[in-house]
Amino acid sequence: MIKKKYYRENKNRHKEYSWKSNGIKDMTVERYNLLLIKQKYCCAICLTPNTKLKRVLAVDHDHKTGEVRGLLCDACNRALGYFKESQFIINNARTYLLCHKK
């Protein structure tokens, strides 16, 4: 019970620690909220509103520089990871889908 109370009282601090420990530079709860507003509370890629998602939007960042790119739903965030953040692979996937469009 004490741990839950401590977490509730320090939730923002835990989020910021988690971002920093994952190599995300300069991310704060305030910046997260500003990005939410800028993106109209939607995933930056698929535009799904956060109200239709089971999880909160994830902070997407460049793994080499740590710079924040935007907020993504879990599916889009994972897709970028599966595509190794490679524009070449993503373009090939797009071409593949267009060739097999019915």
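One finds the SG atom of C46 at 12.0 Å from the NZ atom of K52 (value rounded to the nearest 0.5 Å). Atom CG of residue L53 and atom CG of residue L72 lie 11.0 Å apart, to the nearest 0.5 angstrom. Rounding to the nearest 0.5 Å places CG of D26 at 12.5 Å from NE2 of H61. Within the model, atoms SG of C99 and CZ of R94 stand 10.5 Å from one another, a figure rounded to the nearest 0.5 Å. Considering SG of C42 and CG of L47, their distance stands at 6.0 Å, rounded to 0.5 Å.
A donor-acceptor pair under 3.5 Å is absent between the side-chain atoms of S18 and the main chain of H14, judged by distance alone. Within the 3.5 Å criterion, the main-chain N or O of D60 finds no donor-acceptor partner in the side chain of R69. At distances below 3.5 Å, not a single donor-acceptor pair connects side-chain atoms of S86 with backbone N or O atoms of F83. A donor-acceptor contact shorter than 3.5 Å is absent between the side chain of Q39 and the backbone of G70. Side-chain atoms of R55 never come within 3.5 Å of backbone atoms of C73 as a donor-acceptor pair (strictly under, hydrogens ignored).
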Exercise for the section: List the steps and the verdict of side chain to side chain contact (heavy atoms under 4.5 Å, CB included) for T28 and N33. Expected result: CA-CA 9 Å; T28 63; N33 290 333; over 6 Å; no
Exercise for the section: Check the pair E85 / K64 against salt bridge (charged side-chain N to carboxylate O under 4.0 Å, His left out), numbers first and verdict last. Expected result: CA-CA 11 Å; E85 298 184 14; K64 292 178 184 168; over 6 Å; no
Handout entry: side chain to side chain contact (heavy atoms under 4.5 Å, CB included) between E16 and I24, worked out
Key = CA-CA 9 Å; E16 290 178 5; I24 301 172; over 6 Å; no
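Tracing side-chain contacts under 4.5 Å through hydrophobic residues (I, L, V, M, F, W, Y), one reaches F88 starting from I90; they form part of the same cluster. Cluster annotation: Y41 is connected to L35 through the hydrophobic network of ILVMFWY side chains, with a link wherever side-chain heavy atoms come within less than 4.5 Å.
When the shell of 6.0 Å around NZ of K20 is examined, it contains more than 12 heavy atoms from other residues, nucleotides or ligands.
When all heavy atoms are compared, the tightest approach of W19 to M27 is CE3-CG, 3.5 Å. The two residues K25 and V68 come nearest to each other via the heavy atoms O-CG2, 3.8 Å.
For the pairing with C76, the side-chain contact (heavy atoms from CB on, under 4.5 Å) check across L71, I45, L57 returns one residue only, I45.
Using a 4.5 Å cut-off on side-chain heavy atoms (C-beta onward), V56 and N50 make no contact.
Listed by first and then second residue, the side-chain hydrogen bond (donor to acceptor under 3.5 Å, both in side chains) pairs that reach into residues 70-81 are D74-R78, sequence neighbours excluded.
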